[in-house]
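So the structure is just underneath, and the comments pick up after that.
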There are 2 protein chains.
Amino acid sequence: MSSTINDVAKLAGVSRQTVSRVINNLPLVKPETVLEVQKAIALLDYHPNAVARNLAIKTVKTVGLFMPFDVEQVRQNMFFSTISATICHYYAKQDFVLQLFTSPDDRNYSELFKKLYREKRVGGLILTCPSVNNEDVMELLAAKIPFVIIGRPGLELEQINYVDVDNVKAAYLAVQRMLELGHRKICLLNAPSSMTLAVDIRKGAEEAYREANMPIGNLSEMHIDLTLKSAYEATLHVLSKDDRPTAFVTADDLIVLGIKKATDHLNLSIPTDLSVISVIKNGWADLLPMPLTYIDASFEDLGTRSAQFMLKTISEPEKKHMMQKKLKPELILGGTCARVAMPV
Amino acid sequence: MSSTINDVAKLAGVSRQTVSRVINNLPLVKPETVLEVQKAIALLDYHPNAVARNLAIKTVKTVGLFMPFDVEQVRQNMFFSTISATICHYYAKQDFVLQLFTSPDDRNYSELFKKLYREKRVGGLILTCPSVNNEDVMELLAAKIPFVIIGRPGLELEQINYVDVDNVKAAYLAVQRMLELGHRKICLLNAPSSMTLAVDIRKGAEEAYREANMPIGNLSEMHIDLTLKSAYEATLHVLSKDDRPTAFVTADDLIVLGIKKATDHLNLSIPTDLSVISVIKNGWADLLPMPLTYIDASFEDLGTRSAQFMLKTISEPEKKHMMQKKLKPELILGGTCARVAMPV
DNA sequence: TTGTAAGCGTTATCAG
DNA sequence: CTGATAACGCTTACAA
């Protein structure tokens, strides 16, 4: 058996309360006593039992990260890796810890979350969209479970905490750039319509058209799965039409790979025949032969901020913590965009 | 505050021991009493406190998954996602839980592991190669910390538990196939030499040459980072030589993408001018225009088996659990291999 | 500055 | 079958 606080106390010739004070760096302990205790701790190779501590302080320094995970949805994986690794790194310095959860077979998420929280397995949750729907969120709120969403929640309530990239702005920047370059017929290869991301991208694109006083009828849109295959097929379909668009704005850089595959097949070239900007860059773009023009936002920030928020929320439950943050994205010029050949 | 076992006991009019029996499905409880207790549990929305339980049973049903993580090493990410998601899925059905750890800044892994275990934050560890070196492993063994390695450990000791793909066999299959197709000059685009994977691939390749009675001098090898860039550069370098190989055997399918990029650049085509087989398929191959010929092994199995092993080890600490498993890989024919144009 | 006593919410032991 | 009573290892009053 490993040694306990009692063993240390006995060896150091003090009470266990004094040992507790020392390991928690509380003041009011005579320096000599501290040394004595530390010596005993080192001698016994004592490590405070986190389980017992959690029971005593009635706090669980564990954050659950929930991500809907489907091996086929490769884009998610990139996001998944980045977010989880970032949170891990952040918590490594604190004594918090990350627990991973992916979609169970049944979809009753809020029940699962409530169970985890009630059983004191997690002190709070970081949820990624679209792992939760509005009812789940309402249930979590009702159950007073601390949580934060990465992404924009479907509901606009001030009690709902989240961090997201300002995707409206991102799409606005992308489309604005295309319009500046003389493109008029722009096609949005957008995320599945169930995602708030898709709604935001549409909104930003429309804003850009409106601001430029362009007829919004020229803006076309397709909702596709975030997979190479559906991007490829969608591109072939769109480009086979008579009045094909001269520019694509995509929800993800994996889609750009699909577009590239399609243009290669059709003997078209980027950016000469077709301009492309991606609203999100997940890492796929490195596989392109040319640098991608895209809208940059820090996913690391998403992870760090959510991790920090949960840490504060759990550590200081008496305070009301709030966060409704939209990170500002930025246009990064690459080589997949060009002035339109013949402006309409 | 949420309700405790005492509240349930009081409401059901029994002792808390009886409640404990009911929630743990122990026999020797009168059916009527069970019903009474269950009613109380439902009424109070009672959830047993896992922290208190762990303290009482002195067992931590938490497994730490440690992966060295570097955003640049993209290959790892694919592996990372697959393994962690698989383990999560497996544990979701049990009441075990996965805690994620990625490389901290300092490299003193065994210290970290010992701390986590002593502090009862984890009941055991799943380690992925090459997150640990031989000294770390010896320290874990000495400290009697339950752990299992995904990958082949550098040391051959029967106390060290692991699951791995039989990469010797995998490389053997790949090279054997190339030899059958008439290739003689084969180049191994191998993993970094620090990885046991690299050693195994080399070994399997040599076995295939030996068995075919081919001069091993025709087998060349390069150790490269598992990144697109280094694969691209290595390929350009290898193909610029006078007696260029007619076939590549790679440690990963991301490397194949690098080869493809290089052959595109050199106006060579796969498989006409160059045959390629990958010893590992992580998911990148979907981005190729043709199906990849590769050696298949189930990463899901790696995750499930290690998860299961740790579960048993933690749940039944009295027994000695052992696992030294090498999964058998299999050749999957795709379109990146052809009979050599002019056999030497 | 230090020690004592009383929890935290379970499970284990042993008697009934 | 059921119920006291004592752990489990730590923290938090409160007392000295």
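Letters A, B, ... are given to chains in the order of the sequence lines, protein chains preceding strands, and every chain is numbered from 1.
Within the nucleic acid shown, B:Val51 has no heavy atom closer than 4.0 Å to any nucleic acid atom. At the heavy-atom level, B:Leu55 lies under 4.0 Å from base atoms of the strands shown.
Mapping A:Arg16 and B:Thr4 onto DNA chain C by nearest heavy atom places A:Arg16 at the nucleotide closer to the 5' end. Comparing B:Ile5 and A:Gln17 against DNA chain C, the residue whose closest nucleotide sits nearer the 5' end is A:Gln17.
Side-chain N/O atoms of A:Arg121 and B:Asn49 include no donor and acceptor closer than 3.5 Å.
A distance-only check finds a donor-acceptor pair linking the side chain of B:Thr86 to the backbone of B:Thr82 [under 3.5 Å].
Checking D:dT11, D:dG3, C:dG9 against every side-chain atom of A:Ala56, the shortest atom distance belongs to D:dT11. Distances were taken from every side-chain heavy atom of A:Lys58 (C-beta onward) to each of D:dC10, C:dG3, C:dG9; the shortest belongs to C:dG9. Residue A:Thr33 places its side chain closer to C:dT2 than to any other of C:dT13, D:dA6, C:dT2. The side chain of A:Ala52 approaches D:dC10 more closely than any other nucleotide in the set D:dT11, D:dC10, C:dG3. The side chain of B:Arg21 sits closest to D:dT2 out of D:dG9, C:dT2, D:dT2.
For the side chain to side chain contact (heavy atoms under 4.5 Å, CB included) test with A:Val122, the passing option among A:Met310, A:Gln99, A:Lys61 is A:Gln99; the others fail.
Between B:Asn54 and D:dC8 there is no side-chain polar atom (N or O) within less than 4.0 angstrom of OP1 or OP2. For the OP1/OP2 pair of C:dT11 and a distance below 4.0 Å, the side-chain nitrogens and oxygens of B:Ser20 include at least one atom meeting the criterion. Note on A:Thr18: every side-chain N or O is 4.0 Å or more away from OP1 and OP2 of C:dT2.
Residues B:Ser2 and B:Tyr46 are not in side-chain contact: their nearest non-hydrogen atoms beyond the backbone lie 4.5 Å or more apart.
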**Request:** Evaluate the criterion salt bridge (Lys or Arg N to Asp or Glu O under 4.0 Å) for residue pair B:Lys115 and B:Glu119; output intermediate values, then yes/no.
**Result:** CA-CA 6 Å; B:Lys115 184 161 179 286; B:Glu119 291 183 349; 3.5 Å; yes
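Straight-line distance from the CD1 atom of B:Ile23 to the C1' atom of C:dT10: 8 Å, rounded to whole Å. One interatomic measurement links the two molecules: NZ of B:Lys61 to C1' of C:dT10, which rounds to 13 Å at whole-angstrom precision. Between B:Leu35 atom CG and D:dC1 atom P the separation is 14 Å, expressed in whole Å. In this structure, B:Leu26 places its CG atom 15 Å from C1' of D:dG3, rounding to the nearest Å. Computed from coordinates, the A:Lys10 NZ to C:dG3 P distance equals 14 Å when rounded to whole Å. Regarding A:Asn25, its CG atom lies at a distance of 15 Å from the P atom of C:dT1, rounded to whole Å. D:dG9 atom P lies 17 Å from atom CD1 of A:Ile57, rounded to whole Å. Whole-Å rounding puts the B:Leu44 CG to C:dG9 C1' distance at 15 Å.
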